[in-house]
Every structure is written in C-alpha cells, then in structure tokens.
Amino acid sequence: DFSSPPTRDEGWMADPGYQLFATGRLRSLVLNPTGCEGAGCDTSPTKPAQLRGWSLHTDRHVYWCMPMYLMLEAGWSHLVGFGLVQLRLLSCGWGLLLLGAWYLVLRDLTQNRRLALLAASLLACDTVLIQDSSVARMDVMCCALGIASWAAYLYLRRRNLSMAVCSAVALLVAAFLTHPNAIFGIGGFLVLFACFDRRRVSFGLIVWAAVPAAGGFSGWLWYISKDPHLFVLQFLSNAAGRGGGFLPPLQSIRNEVQRH
C-alpha cells in the first residue's frame, strides 16, 4: 500500500540515499551519530551494550548496511525525484523482476512453460513478497538479483559457459553488496553449477568468475578504507544478535508462532 505511513526502517534506509543524491556523500543525518543515545540506539536485550551504537558517526560515513541499495536510491532519485512513493515504486520494480526471473528459472529447469507460469503466479500472491515489494527497503532487490543470477546462468550456460558464470557472479556480487542474505542466492547458484557443470570447471572459468567479484568488492573495500575502524564498529554492531534463531530449529519455529 503506497499510501501507508513510512516505517522507521524506510526513513533509516532512505536518508543515506538522499544524502548521496543531494550532497554527494554517503552519510545519514536522521540517526544519532553519538551511538547509544536516542535514535539509532538499539536497546534490544539480544545485543550487548557495547554493540548498540551502530549509528556511531553516521554523519560521516554509513557502514551499518551494504552500499548497493543506497547508491541505487541516489541514482533513482536523479531520474524520478526523491520521495516515499518513488522509493516504494523502486521496490515494486524489483518484485516484478523477481517474478520474471523465477519464471525463467523454472521454465529452464522443467521445460514446461505452463508450470513455470503457474509457479510464478502463485509466488505473486505471497504476502511476504507483496509486503517487501511495497516498502522502501533492500530485501526484495537482494532476492531478485540472486534469482536473476540463476536465470542468467541457466539461460547462457548452453551458449557460453564463461559468460554464464561471469554474469551470474556479477549479479550475486551485486546482491551481496545489497544485503548479506545473498548467501542464499550464492548457495543456490553453487547447487545449480554442481548439478550441471561441475565437470567443466577450468582455470579460465575461475578467472571469469573472479573478474566481477574483484570489481565489486574492490569498490566496497575502497569505501571501507576511508574509515576501517568505523566500519568495524557500525557493521558488527548492526550484525550483533542476528541469525541466532537459525541455529536451534525448534526455537525458530516457536519465535515464528509467537511473532504471528
């Protein structure tokens, strides 16, 4: 619902992109740059007190989240202007790309267009996807890039395996620089590659995979090099307490039941 009020996360995600668009600096002015007081201070008991200051010095650099979505926000704002509706439309576009990529993946794997269309149609009815595609966050972008990497690999592998791997890795690097949950997309690609082309691994193929990875991560490392200590403080602070629910399955199930 594009008319719903903005959420806290949307404000936190939108401001760095706006600052990059308006001032040319990737920073945030809506979070408290002193760390553990006021806005941007996570008081969750799952985080130790020393790891609650993920907003520390965000008026200088933003390291607490990955940079790709923030840079895309800035570029998108140059094209269509900055605003809540514009940013939510961006997420909607990624949702549509995700559906198209999922259709292509299933069409290639099943060789059945109707089945692929049915699966994509059912996915389009998923409430989580609908919600994520209507808020100004990076989640659906990360997922869409991951599935697009599978689609690119499956489409190109019969024509040019080197180009298939290079394209897939480029999309996966972009996904990872959007959100660390791209590890699921990376895992899916590795499964597909192991099933279809594990016997075709060569030094040349590794080089083709390394080129987009080196290009993407060198840019991120360059930005981190501006203040490595601050990167460690912000990034690890924001990451603290996350992911633990995946370890004990019964606890994860109980958390989901309680959440809903």
Side-chain angles (χ1 to χ4, degrees), residues 5-88 90-91 94 135-142 145 172-183 212-243:
T7 65
R8 179 186 65 176
D9 278 10
E10 286 182 306
W12 289 351
M13 295 295 172
D15 187 53
Y18 173 76
Q19 294 298 326
L20 184 59
F21 160 64
T23 69
R25 296 181 58 188
L26 190 56
R27 60 177 182 170
S28 177
L29 300 182
V30 301
L31 295 171
N32 190 333
T34 62
C36 285
E37 295 292 338
C41 179
D42 192 335
T43 58
S44 168
T46 63
K47 293 190 178 184
Q50 67 271 26
L51 292 179
R52 293 177 188 165
W54 56 267
S55 67
L56 188 67
H57 299 315
T58 47
D59 56 337
R60 287 163 29 191
H61 299 291
V62 170
Y63 290 124
W64 60 270
C65 63
M66 308 299 274
M68 184 65 73
Y69 177 71
L70 308 180
M71 293 190 295
L72 180 62
E73 282 184 321
W76 181 249
S77 296
H78 274 289
L79 289 176
V80 301
F82 179 82
L84 180 62
V85 173
Q86 291 93 320
L87 293 178
R88 287 179 174 178
L90 180 61
S91 294
W94 283 112
V135 295
R137 276 183 52 93
M138 77 291 285
D139 307 271
V140 70
M141 174 181 171
C142 174
L145 287 168
L172 288 170
V173 169
F176 185 81
L177 292 177
T178 301
H179 196 287
N181 279 349
I183 59 173
F217 285 111
S218 62
W220 190 35
L221 290 174
W222 171 80
Y223 181 61
I224 291 172
S225 70
K226 292 178 177 293
D227 198 332
H229 180 65
L230 184 59
F231 165 78
V232 172
L233 285 175
Q234 286 189 18
F235 195 80
L236 294 186
S237 173
N238 190 41
R242 299 174 185 264

*Taking Q234 for its side chain and L56 for its backbone only, find out whether a donor-acceptor pair lies under 3.5 Å.*
yes

By side chain to side chain contact (heavy atoms under 4.5 Å, CB included), L172 pairs with (sequence neighbours left out) S149, I186, F189

Is the backbone N or O of W54 less than 3.5 Å from a side-chain atom of N238, with the two atoms forming a donor-acceptor pair by type?
no

Heavy atoms of L26 and P67 approach each other most closely as CD2-CB, 4.4 Å

The reported gap from OG in S91 to CD in E10 (rounded to nearest 0.5 angstrom) is 8.0 Å

Applied to residues 223-232, the side chain to side chain donor-acceptor pair (under 3.5 Å) test, sequence neighbours excluded, yields R60-D227

d(D139 CG, D9 CG) to nearest 0.5 Å is 8.5 Å

Output for pair (L90 CG, M141 CE), nearest 0.5 Å, gives 7.5 Å

Taking every heavy atom of A74 against every heavy atom of G17, the minimum-distance pair comes out as CB-O, 3.6 Å

- Query: Does Q19 reach the main-chain N or O of S28 with its side chain, forming a donor-acceptor pair under 3.5 Å?
  - Reply: no

Smallest heavy-atom separation, T58 atom then V62 atom, equals O-CG2, 4.0 Å

d(L20 CG, D15 CG) to nearest 0.5 Å is 11.0 Å

For L177, the side chain to side chain contact (heavy atoms under 4.5 Å, CB included) test, sequence neighbours excluded, returns M66, M68, V173, F217, W220

CZ of R137 to OH of Y69, rounded to nearest 0.5 Å, is 9.0 Å

So CG of N32 and CG of L29: to nearest 0.5 Å the spacing works out to 12.0 Å

Residues T178 and M138: closest non-hydrogen pair is O-CG, 3.4 Å

Does the plane of the ring in F82 sit parallel, tilted or perpendicular to the ring in Y18? Use 30° and 60° as the thresholds. tilted

Given the options N181, L145, I183, F176 meets side chain to side chain contact (heavy atoms under 4.5 Å, CB included) only with I183

For L230 and Y63 the tightest heavy-atom approach is C-CD1, 3.9 Å

